[in-house]
Structure formats: C-alpha cells, structure tokens
Protein chains: 2
Amino acid sequence: MKKKTTIYDVAEEADVSLATVSRVINGSNVVKKATRDRVLEAIKRLDFKPNQVARGLATSKSTTIAVVFPQSIFARVKDMIGGIGDTGRTLDYSLTMYTTDELGDSNPLEDVIERVVKSRADGVILFNSQDIEKGLQLTKQYNLPTAVIGQKTSDDNVCSVYVDAKAIGYELTKKYLDQGIDDILFVKARQNLIDLNSLHEGIKAAFVEAGKTFEDDRVITTSNEFEQAHNDFAKYLDSHKTPRVVIAGYDKEAVAFVQACDEKGVKIPDDLEIIGMVDSTYAIISRPKLTSVHLPIYDMGAVAVRMITKMLNEEEIDERAVCMKHTVVKRDSTKLL
Amino acid sequence: MKKKTTIYDVAEEADVSLATVSRVINGSNVVKKATRDRVLEAIKRLDFKPNQVARGLATSKSTTIAVVFPQSIFARVKDMIGGIGDTGRTLDYSLTMYTTDELGDSNPLEDVIERVVKSRADGVILFNSQDIEKGLQLTKQYNLPTAVIGQKTSDDNVCSVYVDAKAIGYELTKKYLDQGIDDILFVKARQNLIDLNSLHEGIKAAFVEAGKTFEDDRVITTSNEFEQAHNDFAKYLDSHKTPRVVIAGYDKEAVAFVQACDEKGVKIPDDLEIIGMVDSTYAIISRPKLTSVHLPIYDMGAVAVRMITKMLNEEEIDERAVCMKHTVVKRDSTKLL
DNA sequence: ATGAAAGCGCTAACAA
DNA sequence: TTGTTAGCGCTTTCAT
C-alpha cells in the first residue's frame with residue numbers, strides 16, 4: 001500500500017509552502033488567485049484527500065457526531081436515521097454509530113459513552129430510553145454537547161427534540177371521555193420515541209379533569225416481540241372485560257392487538273377502537289388500517305443534528321427543547337375519535 | 001471548557017515518561033508491575049481517556065470502519081446493524097455510518113466514498129445495491145479494504161458475505177415444478193440483501209432443467225412503498241390470470257400481495273401460494289402467516305465486520321466470499337412447498 | 001500574499 | 001525496564 005498523498009506533496013508539486021496549501025483547502029481568501037489555481041491543480045493532479053484525522057488533531061475538533069441508539073429502537077427510526085444522515089452530510093459532519101443493548105454488557109451506556117469520549121466526537125445524540133438519565137449525567141461530566149431525541153430536557157450543553165406525549169395522551173383520552181367513554185386501556189410499549197410516561201400522565205390528566213380516575217390496572221406493558229405481545233393480548237382478552245378503547249404506544253403492538261381481537265371475535269372499530277403511535281408501515285399493513293399518531297420522524301433526526309452543530313458553533317439557539325408537531329391520522333380502527 | 005487530560009499529565013502525575021504511559025495503555029508487558037500500577041492509578045485519578053484521534057494520526061490507523069447503506073434498506077437490516085454494532089464493539093472498532101439515496105445528490109456513492117477516504121476509515125462495508133460496482137471500483141482505487149454484504153464478489157481487497165440467491169430461486173422453483181406446477185410469478189423488490197438477479201437466474205435454471213422456459217413477463221418489479229406495491233398487485237390480479245405461486249423478494253411485498261389476494265377473493269394457500277424472503281416481522285404479522293426464506297441477518301453483519309478486520313490485520317482468510325446458509329421457514333401461505 | 005515553525009496527543013524506534 | 005526523540009499530517013500564529 002503506497003503512502004497517501006499529503007499536504008507536503010501538494011506543496012511541492014505546486015511549489016508553495018504547506019501553509020498555503022492549507023489555506024487553499026480551508027477556503028481562506030487571502031491566497032492570490034494564481035497561486036490558488038496552481039494549488040488546486042496540484043491537488044487534483046495528485047488526487048489529494050486531506051486527512052481528517054490529522055486535521056482533527058490540529059484543530060481539536062473531529063467534526064464527528066456520535067449517534068447512540070438501542071438496537072431495538074432501530075426499526076422504528078429508519079426515517080430518523082435518514083434525517084440524521086442527510087443533515088450530517090449536508091453540514092459536513094461524520095456520524096459514528098454506537099448500538100446499545102443486545103450484547104450482555106453490564107453497563108452498555110457507560111461503556112459506549114467512554115468510547116465516544118475517546119473518539120473525541122464533538123457531540124452526541126442520545127435516544128430516549130430507560131437509562132437516558134445516566135447517559136446525560138455522563139455526557140455532562142465529560143462536557144459533551146448532547147441532543148436527546150424523544151424526551152424533553154435541556155441544560156447547558158443539552159438540547160432535545162421531542163413530541164408532546166402528554167398532550168397526545170390527553171387529547172386522545174379527552175375525545176373519548178367527552179363522548180362518555182372511559183373504558184380505556186393503555187398499552188405501554190417497552191421503549192420508544194415517545195415518552196410513554198408522559199403519555200400516561202396525559203391520559204390521567206384527562207381523567208382527572210373529567211372527575212374520574214385512570215386506574216393503574218388499565219395499563220399493560222408488553223414485549224417488543226410481535227408474537228409475544230400478540231399472545232399476551234390474546235390472554236388479556238380472555239381474562240378481562242373487553243375495553244372500548246386501546247391506546248398503544250407503538251403501531252406494532254397495536255397491530256398485535258388488532259390480530260388478537262380478530263381471533264377473539266372482537267370487532268374493530270365497533271366493539272373496540274384502537275390507536276397506534278408513530279404512523280409507520282405497520283399502521284398501513286394492518287387490517288383494518290390503523291388510526292395512528294403521526295410523528296415527524298425524519299425531521300426529528302434532522303433537528304437533532306442541527307441542534308448539536310449549533311451548540312458546537314456557538315450559534316444562537318432560540319429553543320433548546322424543540323417540540324415537534326404530531327397529527328392524528330384517522331383510518332379504520334376508530335370511528336368516534 | 002477546560003483542557004482534556006493528556007498522556008503528559010498522566011506521565012507527570014505518575015512520575016514516569018510519557019512512553020511508559022503509552023506502554024501501559026497499550027498493554028505492553030514490559031512495564032514493571034509497580035510502575036504499571038502507579039500509572040494506572042494516575043489514569044484513574046485524572047480520568048484520562050486516550051485521544052483516539054491522536055493515536056490514529058500516530059499509527060496511521062483510525063480503527064474505524066465505514067458502513068455505507070442505502071437508507072431504504074434500513075428497515076430490512078436492523079438486526080444486521082445489531083450484528084455489525086456488536087462485533088465492532090467487541091473488536092474495538094468504531095463504526096461510521098453513511099447513508100446514501102434520499103438526498104438528491106447526483107453521485108451519492110461517489111461523494112460518500114470520498115468522505116470515507118478523507119475520514120481515513122480503515123475499511124468500508126458496502127451493501128448490495130444498484131451502483132455497487134461503482135462503489136467497488138472506487139474503494140479499489142483508494143485501496144480501501146471492503147466487505148460487501150448481499151452479493152458474491154471478491155478480490156484482492158474485497159471480501160463478501162451473501163446468501164446463495166440462485167440456489168434459493170432454484171430450490172423453490174424446482175419443488176413446484178416437480179409437482180407439475182409452473183405457473184409462477186416472481187415479485188422483484190427494488191433492492192435487497194439478496195441478489196435478486198441471481199434469484200431470478202435460479203428460477204430460470206430450474207425451468208430449463210425441466211425443459212421449460214420462465215418467461216420475462218412472469219417477473220414484476222415493485223415499489224418500496226407498501227401502499228403502492230399493494231395497488232400494483234391488485235391491478236395485476238385484475239388484469240392477469242391468477243398465478244399459482246408467487247415468489248417475493250422481500251416479506252413486505254409478499255404481505256402486500258397477500259392483502260391484495262384477500263381483497264380479490266383469492267384464497268391463500270389454496271388458490272395461490274406465496275413465499276417471502278428474509279423472514280422478518282412482516283412474515284409473522286401477515287395473515288395467513290408467511291412462509292419465508294430465513295436469512296441469518298445478524299450474522300451476516302457480524303461476519304462482514306470480522307472479515308474487514310481480518311483483512312486489516314492481515315490474518316489468514318480461508319474464504320473471501322462467505323456464503324451464509326438460508327432455511328425455508330414454512331408457515332401458512334404455502335402447502336405444497 | 002506567503003513562508004517558517006510550533007504544536008495538536010500519541011506511538012514507536014532507538015538509547016540508556 | 002524506562003526515557004528520549006522523531007514523526008504522524010495538518011492548522012495556526014507570527015514573521016516577512
């Protein structure tokens with residue numbers, strides 16, 4: 001493997017000093033046009049690609065953002081990865097990916113953040129998850145600019161982009177309560193882009209407002225596995241009075257519930273109405289098609305990257321916790337909504 | 001932001017030279033135990049994290065692998081990302097992700113590979129896609145060790161991990177031909193972990209062997225969009241004789257076809273049998289559940305990373321193009337298979 | 001407008 | 001076993 005062309009080679013080829021080459025590749029405007037052209041030509045001739053690692057060392061910046069996500073959240077965020085990737089590319093940042101869970105590490109997040117620190121990433125994107133708090137504590141400790149996706153939080157070095165989960169819970173619930181329906185079940189998925197605790201609170205708030213109480217036994221937590229969730233739901237239907245409304249934390253679980261209903265002869269939306277979350281392909285695949293709360297997934301990813309870079313460039317940030325708009329997409333799994 | 005602790009700080013704190021500190025953090029075994037302990041303690045006390053960027057510059061290695069994927073392949077490969085992530089972590093490699101498509105670049109892959117070169121990634125993982133050839137040509141030009149996922153190919157600096165798509169096509173087809181059924185339709189998804197051209201060849205080969213011909217009009221190419229694909233299939237069923245067997249390049253498209261059948265009153269598996277590919281959640285969600293060709297997705301990702309690292313460490317590689325085993329998982333969408 | 005030289009934090013000969 | 005020193009390829013003052 002022959003050695004790569006360096007800035008010295010270019011300097012020699014163009015008969016200038018390496019400082020001038022550096023100026024040219026960094027777009028400094030003090031270089032005389034003739035010189036610049038000569039350098040540019042040499043760069044092209046030698047097919048010179050500036051070494052980002054060396055640049056990183058010299059500038060103490062890696063122009064790299066670390067993206068840390070639980071592997072299990074992955075399928076749900078493909079569009080978000082799109083938003084992150086596109087935006088990173090546009091802004092000339094590299095994106096290093098770190099997956100958590102799966103591997104039986106004792107402290108995956110801790111381990112990962114240590115790697116991030118070593119890699120000298122300029123910033124990090126964290127997803128809402130169980131142990132997000134510990135993650136934030138660590139990035140704070142290391143002074144690492146952080147963007148959180150899926151949970152409202154902000155701090156000196158922390159921005160976030162999220163959807164107002166509490167409002168979602170409240171709105172959906174209120175719609176039904178207003179029509180005298182309070183027989184609601186909340187299916188809490190294991191983890192998500194939505195802060196399901198807030199959503200839960202929103203439901204409760206609507207109940208309180210109506211002078212009622214949303215009991216804790218109206219919440220069921222499920223597996224990420226479709227088949228497992230499906231079985232759980234089937235069992236639930238066998239052993240409980242069929243609820244009138246189901247609010248599910250993610251479309252996939254909603255589909256599992258729909259199928260369980262189908263098998264138990266529960267008619268949707270006549271006997272039971274169900275609402276999913278995220279508005280993914282699952283919602284469209286489902287029969288009947290799923291009413292779902294649409295989330296601007298791609299944009300959330302893009303905003304996260306943009307926020308990080310703003311922090312890095314010390315640009316003005318008017319809002320450190322950006323709330324993205326959600327919309328309810330009504331399909332065939334509801335009728336009273 | 002106070003300056004980060006460097007190897008000098010540690011050296012001073014432990015009262016040794018920086019070389020010794022370097023030895024300790026690199027696990028050299030020439031350091032005397034007492035000294036090592038002193039250094040280790042200083043490292044802990046100062047919370048020193050070795051700067052990978054500087055190390056990269058010094059060693060001319062970044063211990064980074066670039067993972068380049070079309071965004072649209074994403075949902076299909078979440079487990080693969082798991083395999084890549086876990087393996088990378090185990091082997092202490094960072095993974096930089098580059099998404100292609102979506103953005104209206106003229107030459108996404110070219111642009112991306114240029115970035116990869118600048119980042120000085122030690123190697124790159126490429127996914128099977130339309131323009132993979134150009135990608136390979138570029139990585140070859142830059143002498144970048146490359147692992148390809150989803151297509152058999154190998155070269156001096158190129159390894160690959162794939163499934164034998166031709167065999168899959170052949171096997172499935174032969175099973176039906178042997179039973180006198182030759183009314184087969186091939187639904188070619190837009191892109192995939194499987195080389196669908198090879199699969200197509202496999203189907204043809206089985207036909208030839210049976211003294212028949214698999215006509216080109218028995219192939220339909222579809223959109224990645226579920227709804228779009230679904231509509232196309234519905235139209236197809238309206239305007240063509242219903243085929244007896246459908247082989248789909250990916251589960252999602254298979255599900256779309258299943259639903260179109262359902263709406264048109266085509267009974268599965270009695271009137272039509274259908275086989276999906278990958279064995280994803282879609283296969284389980286489908287009603288009837290989908291017979292699908294299971295692919296060891298996670299392992300393919302893991303193998304890809306392992307191969308790259310082997311090339312990088314100049315370890316012995318017995319097979320530069322690794323064929324992974326597929327298995328047909330029979331469910332309810334077939335009966336004669 | 002350009003060049004010389006120091007330094008970013010580390011590794012790896014080579015010496016001691 | 002440990003220390004000294006010369007790079008790795010670039011940016012960035014400071015001179016000129």
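Just so it is clear, the structure is predicted and the values come from calculations on it, not from any experiment. Naming: A, B, ... by sequence-line order, numbering from 1 per chain. Heavy atoms only: backbone and side chains are in, while hydrogens, waters and symmetry mates are out.
- Dashed line: the shortest gap from a side-chain N or O of B/Asn51 to OP1 or OP2 of C/dC8 is not under 4.0 Å.
- Within the 4.5 Å cutoff, the side chain of A/Asp47 has heavy atoms near those of the B/Tyr142 side chain.
- Within the 4.0 angstrom heavy-atom criterion, only backbone atoms of the sugar-phosphate kind lie near B/Thr59; the bases stay farther away.
- Remark: C1' of C/dG9 and CG of B/Leu46 are 15 Å apart, rounded to the nearest angstrom.
- Across all strands shown, B/Val30 has heavy atoms under 4.0 Å from base atoms, whether or not it also approaches the sugar-phosphate.
- Remark: A/Ser17 is in phosphate contact with C/dG3, judged by side-chain N or O atoms under 4.0 Å from OP1 or OP2.
- Dashed line: the shortest gap from a side-chain N or O of A/Thr35 to OP1 or OP2 of C/dA1 is not under 4.0 Å.
- Across the protein-nucleic acid pair, B/Leu57 atom CG and C/dT11 atom C1' stand 10 Å apart, rounded to whole Å.
- A residue-by-residue look at B/Leu18 and A/Pro50 shows that B/Leu18 has its nearest nucleotide of DNA chain D further toward the 5' end.
- A sub-4.0 Å separation between OP1 or OP2 of C/dT2 and a side-chain N or O of A/Thr20 is absent.
- Within the 4.5 Å cutoff, the side chain of A/Tyr93 has no heavy atoms near those of the A/Val305 side chain.
- For the pair B/Asp111/A/Arg89, a side-chain contact is recorded, criterion being any heavy-atom separation below 4.5 Å from C-beta on.
- At a cut-off of 3.5 angstrom, the base of C/dG3 holds at least one donor-acceptor pair with the side chain of A/Arg23.
- Annotation for B/Glu12: atom CD does not count as buried by contact number, only 12 or fewer foreign heavy atoms lying within 6.0 Å.
- Across all strands shown, A/Val53 has no heavy atoms under 4.0 Å from either base or sugar-phosphate atoms.
- Within 4.0 Å (heavy atoms only), B/Val16 reaches sugar-phosphate atoms of the nucleic acid but no base atom.
- A/Asp92 meets the salt bridge (charged side-chain N to carboxylate O under 4.0 Å, His left out) test with B/Arg115; sequence neighbours excluded.
- The overall bend of the helix from C/dA1-D/dT16 to C/dA16-D/dT1, read as the angle between its terminal helix axes built from five base pairs each, is 40° when rounded to 10 degrees.
- Taking the side chain as every heavy atom from C-beta outward, A/Thr35 and A/Thr20 approach each other to under 4.5 Å.
- When rounded to the nearest whole Å, the span between NZ of B/Lys49 and C1' of C/dC10 equals 17 Å.
- One finds no side-chain N or O of A/Ser60 lying less than 4.0 angstrom from the OP1 or OP2 phosphate oxygen of C/dC8.
- Side chain B/Tyr8 to base C/dC8: no donor-acceptor pair is found below 3.5 Å.
- In this structure, the CD atom of A/Glu12 is 14 Å from the P atom of D/dG9, given to the nearest Å.
- Considering only side-chain atoms of A/Ala19, the nucleotide from D/dT12, C/dC10, D/dG3 that sits closest is D/dT12.
- Under a 3.5 Å cut-off, the side chain of A/Arg320 and the backbone N or O of A/Asp156 do form a donor-acceptor pair.
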